[in-house]
Every structure is written in structure tokens, then in C-alpha cells.
Amino acid sequence: MLNHKETLNVKYEPSYFISNYQKYFLEENTVKVIFSGGKIEITYFEKDIIKIFIGEKDETSIDTNAIHNCLKIIPPTIKEDEKNIIIYGDAVDTLIEKNSLKISFLSKDGKIINQDYNPVGKKDKKIFVSKANDCTAYYGFGEKSGSLNKKGQYMENFNTDDPAHDDNTPLLYKTIPFYIGVKPATMKNNYYYGIYFDNSYRSYFDMGKENRERIFFGAEGGQIQYYFIPGNTIKDVVSKYSILTGVMDMPPLWTLGYQQCRYSYSSRGELENIADTFRKKNIPCDCLYCDIHYMDSFKVMTFDGIKFPAPEDMLKNLHEKGFKVVTILDPGVKIEEEYSTYLNGLKEDCYVKKSDGELYVGEVWAGKSVFPDFSNYKAREWWKKELKDFISLGIDGIWNDMNEPAVFDNEYKTMPEECLHNSNKGTIEHKEFHNLYGMEMSRCSKEAQEELKENIRSFSMTRATFAGGQRYSSIWTGDNQSTWEHLRMSIPMNCNLGISGFSFVGNDVGGFGGNCNEELFIRWMQLGTFLPIFRNHSAIYTRRQEPWSFSKRAEKVAEKAINLRYRFIPYIYNMYYKSYKEGIPVFRPMVMEYPDDINVLDIYSQFMFGDNMLIAPVLYENERQKNVYLPEGIWYNYFTNEKFEGNNFYNIPVALDEILVFIKEGSIIPIFDEHINYIGEKDVPVTLEIFKGKGKILYYEDDGISLNYKRGEYNLYEIKSINAETQNTNINLIYKGLKNKKEFILKYK
Ligand code: MIG
């Protein structure tokens with residue numbers, strides 16, 4: 001096994017186990033192509049999602065936990081000629097060359113969208129799928145540092161705790177083996193497709209680094225199976241990918257407010273004092289976090305009796321002031337004779353074991369600890385029971401940390417890969433479950449909250465997860481640093497997470513490790529307004545980062561950024577409705593909105609916040625001018641109303657207390673036009689800011705807190721700005737599931 005942070009740096013090995021085509025036949029709507037060593041199975045699902053599985057003779061494909069929906073299988077139309085087997089789909093055909101057993105995906109007019117470079121290879125247990133490197137850009141790959149477009153890059157997936165990462169770090173906290181290719185076409189502008197490699201082992205993606213003619217991906221073990229997902233646009237592919245792996249639920253409205261965290265607020269007095277300071281200063285805030293020091297000797301599911309006396313009373317008190325409280329949860333359970341959580345898990349045999357059958361013991365904050373086996377249903381149910389007892393004190397959300405899992409006392413800094421999980425699919429080694437551990441833990445946090453508080457939306461945040469984890473939990477991108485480099489890095493990272501199905505995303509605002517400074521703090525808070533999750537967090541022994549920690553001037557900017565955030569909450573909530581309905585992220589790269597504009601393929605110094613807002617944050621020290629690209633159309637500076645012609649680069653002055661926000665012509669932006677200290681403090685009407693031009697939006701409304709929306713209790717309005725100059729706007733209630741209809745305030749800009 002490799003040392004912590006070491007990568008395999010896999011080189012391509014063209015060892016084919018595929019040869020000698022024999023025959024093909026159709027079985028339960030799957031095309032099976034038999035060759036001497038095994039078989040290729042091709043299944044067409046609805047929307048032309050195509051599953052490819054390549055296995056030994058008797059091997060059957062088993063999906064990982066990422067695959068969510070039972071997509072409808074489409075009976076295929078097959079044609080065979082001397083050279084090829086062709087399977088016809090609605091938009092994409094699959095061609096298997098009998099001689100080489102290479103696979104290609106073709107458009108209906110016979111053009112190649114994607115093709116194998118070599119046939120699939122297997123060496124020992126390693127898998128190699130290679131494709132021609134014929135795209136201009138590759139996006140996705142989950143949480144990765146470095147540039148937006150990953151063409152020419154090498155990346156690896158093995159969930160790893162690495163606070164000191166930089167732009168060249170191949171391994172980070174999460175594993176999402178999915179990417180989108182953008183391939184130039186002749187008759188239209190581009191072909192777009194996604195490839196989801198459904199394998200939970202340590203995996204690798206070489207996007208033309210080793211050899212610029214081919215890309216390859218593969219894994220250390222497991223099965224060769226991937227889904228090919230064609231689409232008309234990048235958005236279309238992302239949407240289809242989220243049919244395959246699931247979407248997030250509607251978030252509780254309060255989670256869109258400002259969130260304050262610190263490692264750690266280490267006593268009840270300190271936490272309450274932070275709460276009071278927000279209210280005294282009238283700086284809005286919805287949520288405070290308790291990091292590890294709230295626990296008694298770092299024992300999960302406990303409060304320290306001396307530093308955090310009467311937690312129920314504390315939580316009640318904070319609730320009355322309009323705060324929600326989220327507590328951190330680590331997977332490691334301290335070994336201690338009188339500790340009930342430890343004993344209960346032991347009694348029910350819920351911990352991960354070593355290959356010799358003894359419990360695996362690893363050192364974490366609590367000292368020697370054992371680890372719940374989240375692969376096992378019974379263990380998850382036990383953990384959820386412990387969690388429900390704990391949450392019932394009045395806790396509002398769970399922050400799942402250290403679930404790569406991270407451990408301190410061996411050179412791998414994680415569980416050794418030969419440890420055994422008693423999964424419901426049978427006993428499996430940790431090397432198979434490693435990348436799934438965090439996701440299954442975060443799933444428990446969601447389910448426990450929802451089982452306990454019937455009909456109340458849950459909130460979880462997790463550091464480690466896997467493809468499909470968006471169904472269970474929001475994420476933050478782990479430990480970053482208070483540096484300009486990390487501020488910049490967060491933007492392409494969030495963009496690629498959005499493309500990978502994760503919309504509910506945050507980065508530690510202000511930076512976690514190291515000391516922040518005034519200017520960096522100001523710029524990061526300004527960006528925070530436009531992060532899907534606006535959470536400020538900093539590490540123990542570093543400079544504090546509450547809004548008032550730097551200077552009067554910085555406090556004013558922070559306050560302005562937070563107030564702007566609350567102003568945009570109705571807009572943001574509507575963007576989350578898109579994430580819930582269609583898997584489209586809140587935070588998007590320019591290329592997602594303008595995929596045919598070659599100027600934006602590699603732009604990540606600015607981004608789209610929903611459909612209509614273009615954000616150009618300052619990302620360099622001392623920068624007071626920013627170079628901005630505005631794509632086609634007319635744009636307005638949100639604050640000054642200054643008009644700009646698109647398809648142009650501009651150099652725009654931006655003072656220390658400003659961030660550049662552009663609104664597209666014809667936009668309708670729903671906002672709260674009143675100061676509130678927290679969500680639900682009072683009823684605030686929704687104002688529609690209507691910009692010049694024509695446009696329309698769908699406006700979604702529900703109670704923001706219960707699960708009733710899943711039973712149809714919501715309203716949908718179609719709002720059409722027919723002519724902003726003559727103030728002509730139509731509002732139509734197109735779906736009514738709530739008792740009352742909303743009265744909007746109209747404000748023409
Ligand atoms: O070893 O709980 O990423 O957000 O403050 C560090 C303490 C453990 C890592 C998390 C960070 C959190 C910290 N945790």
C-alpha cells in the first residue's frame with residue numbers, strides 16, 4: 001500500500017484480454033458479444049444512456065452504490081455485417097468492430113463521437129480503458145485542484161486528507177469518476193458526452209498526459225464498466241448523469257444563510273458570545289458550528305459536561321435567537337470501557353475488522369478508536385440509532401469529518417487496505433470500500449435526522465464522498481489554506497464539482513490553515529456571497545475570521561457581503577430548485593452556459609451563479625482592475641446599472657469594497673429587499689428586479705423547511721417580462737399546491 005499522498009502515477013499498459021470474436025446474442029435486452037476470454041455487454045437505457053460492461057465468461061456486472069435510478073432499458077435494434085456489430089439508438093449508435101473488439105459511439109449521421117484507442121486491457125487486476133484524445137476539453141472529475149479544463153492532466157481517486165494540496169495534487173478528499181468530453185464536430189459546433197466509470201477502487205484518469213493521442217482511465221481492481229452519456233449540451237449531459245446517480249433534495253432554506261464556524265468554539269460561553277455579537281452588530285447569521293472541542297474527550301455523540309454544560313438548554317437558547325447549530329461527527333469511536341456508544345457497537349458487532357478477524361484499531365483525536373462498518377446495513381442502523389439519541393438534544397445538522405477515513409498512526413494515514421468490511425454484498429476488502437466509506441457515513445446522517453424529525457429537511461455536510469453522494473449530503477472541499485492561491489483554486493474546483501453532480505458545495509471562506517489577512521479576508525467574503533454554501537471556517541491556532549476580526553473597514557465589507565447574500569436568497573433557492581429537478585449546479589463554469597463560445601473553454605477567473613449572474617471576483621492581492629470577458633448579449637453591472645456589450649473583454653476598475661456582478665439582459669432576479677438577521681425572523685415579501693429586455697423565469701416556492709414539497713405542496717409561477725421599458729410583466733401561477741398565492745413587488749431596473 002502507498003504512503004499517504006503518494007500516487008500510483010499509472011502508466012498505460014496495453015495488455016488486452018480481449019481477442020477472437022466468436023458470436024453475439026441478445027439476452028434480456030442486453031447485447032452480449034462473446035470473445036474467447038470473456039464478453040462485452042451493451043445495454044441501452046432511456047435517453048441513450050449506454051452501459052458497457054466487459055467481463056470474464058461468467059462474471060456478472062454489479063453496480064456500485066452510486067447508481068441510483070432503475071433507468072428504463074430500451075430493447076435494442078441490432079445489425080451485423082462482415083466487420084461490425086451495430087446497435088442503433090435514438091441519438092447515438094454503438095459500433096463494435098469484430099476484428100479488434102474496439103467500441104465506437106456514433107452520431108446518427110455516422111460521425112464518431114467517441115472511440116476506443118485500444119481495446120480494453122487488464123493487467124493483473126488493473127484495468128485500462130483507452131480512448132482517442134480528440135476533445136478540446138474535459139471537465140468534471142469531481143473535486144480536483146488545477147485548471148478547469150483537464151485536457152493533458154493526470155488525476156487519481158483515493159479519498160485522501162491533504163490540507164497542503166496545490167494545483168498539481170492528484171488526490172483529494174472525494175472520488176467522482178466522471179467526466180465530460182467536448183468534441184469538435186463538423187456539422188454542428190460540438191459533441192458533448194459524459195463517461196461515468198462505475199468502480200469504487202482507487203482509480204486514475206490520464207487525459208492525454210502520457211501520450212497526447214489517447215486518454216485512458218482505469219482502476220486498481222473491480223469491474224470494467226462505464227456509462228456513456230451523450231447530450232446536446234454540457235447541461236444536458238449533467239442532467240442525464242444525475243438521473244443515473246441522483247440529485248440533491250431541496251435544502252432547508254436556513255442553510256442558504258451565512259454560516260460561521262471555527263476550530264473550535266470551545267465552550268458554551270464562547271459560542272453564545274459569538275451568537276450575541278452577530279445579533280448586537282446586526283450582521284445576519286443563520287448557523288453556528290461546534291467543532292471537535294464540544295465533545296467529552298473527543299468521544300462521538302457526547303458533549304463535554306464542564307465546557308458545554310446543559311447542551312439542551314444551550315441549543316434552545318440559540319434557537320430562540322434564530323441560530324441553527326451543526327455539530328461535527330467523526331467516524332472513529334474511542335475505545336473506553338464505560339463509554340456506551342463504543343460498547344453498543346461492540347455488542348452488535350458493527351466495527352471494521354482486520355484480515356485476522358480482530359478489530360481494526362486506529363488512532364484519531366480520541367486516541368485508540370474503532371471504526372463503524374458503514375458498508376453493513378445493521379451497522380448503519382446501529383449508528384443511526386446512536387445518532388438519533390444525540391441529535392434529539394436539539395441539533396440541527398451533522399458535519400461529517402475525517403471520513404476518508406483519516407487516521408493518524410500509520411504511514412498510509414487511512415485504514416489499511418486489507419481491512420475487511422462485512423458488506424451486504426459479502427465480505428470485501430477496504431480497498432474496494434475506501435472511496436465509499438464517507439458517502440455511506442453521510443447517508444446515515446441524513447437518514448437519522450429524517451427518521452427522527454419526521455417531515456423536517458435534514459442538513460449534512462461531508463468531507464469524503466463518492467459519485468452519487470449528492471443524494472445524501474452537501475460537501476465542503478476540506479482543508480484549504482488562507483492564501484490567494486487557494487482562493488483562486490476554489491473556483492475551477494467548484495465548477496468541476498458542479499459538472500460532477502454536486503451543487504451543494506462550499507469552501508472554507510477566509511481559508512482554513514494559516515493566518516488570513518485583511519485584504520484576503522475581504523476578497524474571500526465577497527466571493528462567499530456567491531458560493532452555494534457560505535461558510536467561514538478557520539483552524540485552531542490561526543487568526544480568527546469572524547466578520548469583526550480584522551478591521552472596521554473589513555467588517556463593513558463583510559457585512560455588505562453577508563447582506564447581499566441574504567438579498568439574493570430567493571434567487572439562490574430557485575437555482576437549488578434546478579439542482580433538485582435537473583441536477584444543474586448553482587455554481588457553474590462559463591462554458592456550461594456558453595458551450596459554443598470558444599473564448600470560455602478555459603475561463604475560470606469568473607463564473608456563472610445560476611442562469612443570469614456572472615460573477616468576476618478579485619483573486620489577486622492589490623488588484624483594483626479586473627479583466628472580464630462578457631459573452632454574447634447585453635450585460636448590466638448589478639450595482640451601477642452600467643450597460644456592456646457582450647462578446648468583449650473589458651478591463652474594469654474594482655475598489656476594495658466592491659465585487660463585479662453582471663446581470664444578463666432580460667433577467668428577472670427574485671430578491672429579499674429588506675434586512676433580516678436570519679431566515680424566518682420575519683415574513684419578507686419577494687421583490688422581482690426586472691432588467692431591461694425580454695425574459696422569463698420559473699419561480700418556485702415552498703415552505704423552505706418541511707418535506708411537503710415532495711407531496712406537491714409548492715407553487716410554480718411563470719414570470720414573463722414582455723417589455724421592461726413599458727413595465728409589462730406577466731405573472732402566471734402554473735402550478736398551485738399551496739393555499740396562498742404570492743404577491744410579488746415589481747422593481748424595474
Ligand atoms: O484533523 O475537527 O477538515 O474542518 O476543523 C483535523 C477539526 C480535523 C479537519 C476538518 C476541519 C476541522 C478539523 N478536522
Side-chain angles (χ1 to χ4, degrees), residues 4-5 143 145 159-165 169 171-174 259-267 270-271 274 287-304 307-308 325-334 362-367 369 371 395 397-410 412-415 437-438 441-442 445 459-465 473-482 486 489-490 493 505-516 524 528 531 533-546:
H4 177 49
K5 296 187 204 173
E143 177 189 74
S145 58
N159 293 355
T160 298
D161 173 15
D162 183 2
H165 58 272
T169 302
L171 289 173
L172 278 167
Y173 297 90
K174 303 170 184 69
Q259 310 189 0
Q260 184 67 52
C261 189
R262 168 82 180 169
Y263 169 21
S264 301
Y265 295 128
S266 46
S267 69
E270 189 184 359
L271 192 66
I274 294 286
C287 179
L288 301 174
Y289 282 71
C290 290
D291 205 329
I292 50 174
H293 292 92
Y294 78 83
M295 291 182 268
D296 170 16
S297 321
F298 303 126
K299 282 181 283 189
V300 294
M301 325 273 185
T302 68
F303 271 97
D304 184 315
K307 291 197 178 126
F308 283 85
V325 179
V326 174
T327 52
I328 201 167
L329 181 66
D330 291 349
V333 178
K334 186 178 178 63
E363 192 142 340
V364 282
W365 292 112
S369 301
F371 293 82
I395 289 160
I398 295 293
W399 172 24
N400 304 271
D401 190 21
M402 301 286 281
N403 51 4
E404 291 71 28
V407 300
F408 300 154
D409 60 344
N410 64 32
Y412 330 121
K413 300 283 183 257
T414 190
M415 206 174 266
Y437 192 86
M441 178 187 176
S442 71
S445 294
F459 177 66
S460 306
M461 188 187 259
T462 188
R463 194 168 75 173
T465 192
S473 179
S474 76
I475 55 174
W476 94 104
T477 54
D479 294 348
N480 58 4
Q481 302 291 321
S482 297
H486 272 256
M489 210 187 289
S490 66
M493 191 181 279
V505 175
N507 325 100
D508 289 349
V509 169
F512 177 73
N515 293 320
C516 197
W524 216 321
L531 295 174
I533 296 172
F534 188 179
R535 189 185 76 142
N536 173 319
H537 183 38
S538 56
I540 193 168
Y541 308 129
T542 65
R543 188 159 178 182
R544 299 188 70 103
Q545 283 174 197
E546 293 82 19

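Remember, it's 1-based here, ligands and their atoms both numbered in the order they're listed.
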Non-hydrogen atoms of [X] and [Y] that approach each other most closely:
X: Tyr265; Y: Glu546; answer: OH-OE2, 2.6 Å
X: Val364; Y: Ala406; answer: CG1-O, 3.4 Å
X: Ser473; Y: Asn400; answer: OG-ND2, 4.5 Å

Check your understanding: Do the side chains of Ser474 and Ile533 get nearer than 4.5 Å, heavy atoms only?
Key ->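 Counting from C-beta outward, Ile533 and Ser474 do come under 4.5 Å.
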
Open item on the list: Pairing donors with acceptors under 3.5 angstrom, does anything connect the side chains of Gln259 and Tyr289?
Closed with: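 Yes.
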
- Task: With sequence neighbours excluded, give me every salt bridge (Lys or Arg N to Asp or Glu O under 4.0 Å) pair touching residues 398-407.
- Result: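 Checked against salt bridge (Lys or Arg N to Asp or Glu O under 4.0 Å) - neighbours excluded - the pairs reaching residues 398-407 are Asp401-Arg463, Glu404-Arg463.
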
Might you list the protein residues in contact with ligand 1, defined as having a heavy atom under 4.0 Å from one of its atoms, sorted by chain and number?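 Residues Tyr263, Asp291, Ile292, Ile328, Trp365, Trp399, Asp401, Met402, Arg463, Trp476, Asp479, Phe512, His537 each place a heavy atom under 4.0 Å from ligand 1, listed by chain and number.
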
